[in-house]
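To start, I am sharing the structure in question, which I have written as structure tokens.
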There are 2 protein chains.
Amino acid sequence: MSLSIDRDKFQAADKPTLYKQIRLDIERRILTGEWPPGHRIPFEHQLMTRYGCSRMTVNKALSELAQADLIERRRRAGTFVRRPKFLSAVLTIPDIRAEITSLGRSYGYQLIRSSRRAANAADRIRLGISKTGKVVAISCRHSADGVPFAIEDRLIDLDAVPEAATADFAIEPPGTWLLHHVPWTEAEHSISAIAADEQIAAALDITIGAPCLVIDRHTWRSARTLTAVRLVYPGESHKLVARFKGG
Amino acid sequence: MSLSIDRDKFQAADKPTLYKQIRLDIERRILTGEWPPGHRIPFEHQLMTRYGCSRMTVNKALSELAQADLIERRRRAGTFVRRPKFLSAVLTIPDIRAEITSLGRSYGYQLIRSSRRAANAADRIRLGISKTGKVVAISCRHSADGVPFAIEDRLIDLDAVPEAATADFAIEPPGTWLLHHVPWTEAEHSISAIAADEQIAAALDITIGAPCLVIDRHTWRSARTLTAVRLVYPGESHKLVARFKGG
DNA sequence: GGTGATTTTATGTATAGACATATAGACGCG
DNA sequence: CGCGTCTATATGTCTATACATAAAATCACC
């Protein structure tokens, strides 16, 4: 079962306007290898002759390709096909509640622990902040059709997110609340595998030592830490799926 | 230690040209919540008055924001701030050899098994192909500074990648060879956690039952399967890192 | 009031022209 | 040859204008 769906860059089949035709044409040549990495793409001047249009039209097509990182443009030098991309994929981790309900399964939520406290040393390290301040610490469990789905262990910096003080996390999962109330600009995910300890095994109803998939996520807004969360999934039955569509 | 680095969308601090100023200004208002999701952004007509420029300049700024999925534009209706994005991140999985050497560690490679054969039923399922054809099956191990880093188990469809028949995978890892010789257009990753079986434990020098991080990757070119690979990493010591930078 | 045709309007695409700017390559000089 | 300077040039940005197009709003009609 897929824990996460990919965010396909939806390619609406819109009317092939001129600049889009040019973009697709160049894209095709790059992806088929006709124009290999490092190859110099014809100058805008030449392309406008080839396609019989103005330079601005060619420029729009090339600008979009540059924004998509397929080509590199250097003043005076020209435009070049970029070195082969790393295998990269858009990994989408939606809100767990939305994920479960969108699969047509019933969503369950249990708040295990919730406390408000001054940040201790461990909290400060985990949040990457230096000064002491108040934090909210939450442990909870998500389940699908009554079966444990994931456990969540979260810290929220109350200085950065003061509204979290009044939210009721007994009803709404903190991830869902944050997604709808707090805009973020940067996030980092660290994915690893661990063996279930006694506590995790009990919460997820699996055996001690069973492999678990772990996602540690740190979220910022403009370099300011908002929240740090660890999500633990039973590893054997769940998968993260990330898909890349070139073009 | 990080198994994978993120591909930061490098934001060169370039001269703030007018359209970029407009783009950043609107971006800021969206990210700070001043213009919440659903809010209608002033018409191009109004923005060109506000910023004292032509409509094309405003249009360029808005077009880029639309391409970045921060806003939605509808003819006649106007331009709107989009609903909050899913937590998404660019997950980058570079070539393992490049990954290890870029960290300044010595790369080691051992070919465990390599065979060419007609695709059997299991191979066809794994590659998602229907007709029988020749495939190459490779098992190998990557190590860093002499320590097992990952094991790789790969199938290559020889009909789609005939050049693979002449490549010498005793010297060059198949992933590296493919990256440099075969262009691809689509890839799907499935990430999970498993317990090491006897074979994995022996190859990675870990105990049986130890958690491992597994990446199953399937790669296509224009809907044609090229290769399917399973990478198994010791889970406790390795992490996949994916970072998202908004904007 | 409902329904279909018409108008209005904001965005989408395209153009020709202009000037800015970074820089590869040529040039000159010691 | 090494090094700084100049120049040609490809891309970067911006303008004013034009027409296309989709869809919201209005109107006409039954």
Side-chain angles (χ1 to χ4, degrees), chain A residues 9-27 29-30 35 37-83, chain B residues 9-30 35 37-83 247:
Chain A
K9 199 181 279 182
F10 63 96
Q11 197 76 359
D14 30 28
K15 178 171 290 188
T17 58
L18 217 173
Y19 94 87
K20 268 177 192 154
Q21 276 180 25
I22 298 174
R23 183 160 71 75
L24 286 172
D25 189 34
I26 294 172
E27 228 173 78
R29 287 174 206 261
I30 293 173
W35 287 350
H39 178 264
R40 205 182 69 198
I41 286 173
F43 301 129
E44 294 189 346
H45 177 72
Q46 301 174 279
L47 289 174
M48 70 189 263
T49 312
R50 173 186 302 193
Y51 293 104
C53 63
S54 77
R55 188 164 83 87
M56 281 305 292
T57 303
V58 169
N59 185 276
K60 178 156 186 169
L62 292 179
S63 294
E64 288 198 1
L65 287 171
Q67 210 187 327
D69 223 29
L70 250 87
I71 60 174
E72 187 187 351
R73 318 198 71 196
R74 289 202 307 275
R75 272 183 155 127
R76 159 78 215 218
T79 303
F80 303 86
V81 179
R82 280 191 73 86
R83 299 278 140 212
Chain B
K9 198 181 278 182
F10 63 94
Q11 197 74 357
D14 32 26
K15 177 170 292 185
T17 57
L18 217 173
Y19 94 87
K20 268 178 192 153
Q21 277 180 25
I22 299 174
R23 183 161 71 77
L24 286 172
D25 189 33
I26 294 173
E27 226 173 81
R28 186 183 50 72
R29 287 175 206 260
I30 293 174
W35 287 350
H39 177 264
R40 205 183 68 197
I41 286 173
F43 300 129
E44 294 188 347
H45 178 72
Q46 301 174 278
L47 289 174
M48 70 188 262
T49 311
R50 172 185 301 191
Y51 294 102
C53 63
S54 76
R55 188 165 81 89
M56 282 305 292
T57 302
V58 169
N59 184 276
K60 178 156 186 167
L62 293 179
S63 294
E64 287 197 2
L65 287 171
Q67 209 186 328
D69 224 28
L70 251 86
I71 61 174
E72 187 186 351
R73 317 198 71 198
R74 289 204 306 275
R75 273 184 156 126
R76 161 76 216 219
T79 303
F80 303 86
V81 178
R82 280 189 73 86
R83 302 276 141 211

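Letters go in sequence order (proteins before strands), and every chain restarts at 1. Because the structure is a prediction, the values reported are computed rather than measured.
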task: Apply salt bridge (Lys or Arg N to Asp or Glu O under 4.0 Å) to A/R40 and list each qualifying residue two or more places apart in sequence or on a separate chain.
output: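 Checked A/R40 against salt bridge (Lys or Arg N to Asp or Glu O under 4.0 Å); zero matches.
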field: Partners passing side chain to side chain contact (heavy atoms under 4.5 Å, CB included) against B/Q67 (at least two apart in sequence or in another chain)
entry: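 So B/Q67 forms a side chain to side chain contact (heavy atoms under 4.5 Å, CB included) with A/E64, A/Q67.
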message: A/Q46: which residues meet the side chain to side chain contact (heavy atoms under 4.5 Å, CB included) condition with it, sequence neighbours left out?
response: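 Checked A/Q46 against side chain to side chain contact (heavy atoms under 4.5 Å, CB included); matches are A/P42, A/F43.
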query: For B/R75, what residues pass the side-chain hydrogen bond (donor to acceptor under 3.5 Å, both in side chains) criterion, not counting sequence neighbours?
result: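 Applying side-chain hydrogen bond (donor to acceptor under 3.5 Å, both in side chains) to B/R75 gives none.
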field: By side chain to side chain contact (heavy atoms under 4.5 Å, CB included) - contacts of A/E72 (at least two apart)
entry: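 A/E72: side chain to side chain contact (heavy atoms under 4.5 Å, CB included) contacts with A/R74, A/R82.
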- request: Using whole Å, report how far CD of A/Q67 lies from P of D/dT11.
  value: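 My rounded result for the distance is 18 Å.
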statement: With B for base contact, S for sugar-phosphate-only contact and - for none (protein heavy atoms under 4.0 Å), nucleotides 3-8 of chain D reads -----B
- request: Check side-chain hydrogen bond (donor to acceptor under 3.5 Å, both in side chains) between A/T49 and all other residues, then give those that pass, not counting sequence neighbours.
  value: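 Listed in chain order: nothing, the list is empty.
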message: In whole Å, I'd like the distance from the CD1 atom of B/I71 to the P atom of C/dA10.
response: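 Distance, rounded to whole Å: 16 Å.
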- prompt: B/H45: what forms a ring pair (Phe, Tyr, Trp, His ring centres under 6.0 Å) with it, not counting sequence neighbours?
  reply: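 Scan of B/H45 (ring pair (Phe, Tyr, Trp, His ring centres under 6.0 Å), adjacent residues dropped) gives none.
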- request: Output the distance between atom CZ (A/R23) and atom OG (A/S63), rounded to the nearest 0.5 Å.
  value: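 Going from CZ on A/R23 over to OG on A/S63, the span is 11.5 Å.
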query: Within the structure, does a side-chain N or O atom of B/R73 lie under 4.0 Å from either OP1 or OP2 of C/dA10?
result: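 So the side chain of B/R73 is outside the cut-off, no N or O lying under 4.0 Å from OP1 or OP2 of C/dA10.
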- prompt: Listed by chain and number, what are the side chain to side chain contact (heavy atoms under 4.5 Å, CB included) partners of A/R29, not counting sequence neighbours?
  reply: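 Counting only residues at least two positions away or on another chain, A/R29 forms a side chain to side chain contact (heavy atoms under 4.5 Å, CB included) with A/D25, A/E34, A/W35, A/R50.
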message: Using OP1 and OP2 only, check whether a side-chain N or O of B/K20 sits under 4.0 Å from D/dG12.
response: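 Negative; the distance criterion is not met.
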- prompt: Which residues within residues 40-51 of chain A lie with some heavy atom under 4.0 Å of an atom in DNA chain D?
  reply: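 The answer is A/F43, A/E44.
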Of residues 54-62 of chain B, the positions that come close to DNA chain C - non-hydrogen atoms, cut-off under 4.0 Å: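 The stretch gives B/R55, B/M56, B/N59 as the residues lying under 4.0 Å from the strand, ordered by number.
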message: From the set D/dA24, C/dT13, D/dT11, return the single nucleotide nearest to any side-chain atom of B/A77.
response: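 Nearest listed nucleotide: D/dA24.
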message: What's the closest nucleotide to the side chain of A/T79 if the choices are C/dT11, D/dT11, D/dT13?
response: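 Of the candidates, D/dT11 comes closest.
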query: Could a donor-acceptor pair under 3.5 angstrom be found where the side chain of A/R75 meets the base of C/dT21?
result: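 Result: at least one qualifying N/O pair found.
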- prompt: How do B/Y19 and A/R74 order along DNA chain D: which one's closest nucleotide is nearer the 5' end?
  reply: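 First, find each residue's nearest nucleotide; the 5'-ward one identifies A/R74.
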task: May I ask you to test the B/L65-B/I41 pair for a side-chain heavy-atom distance under 4.5 Å?
output: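 Side chain of B/L65 against side chain of B/I41, heavy atoms only: no contact under 4.5 Å found.
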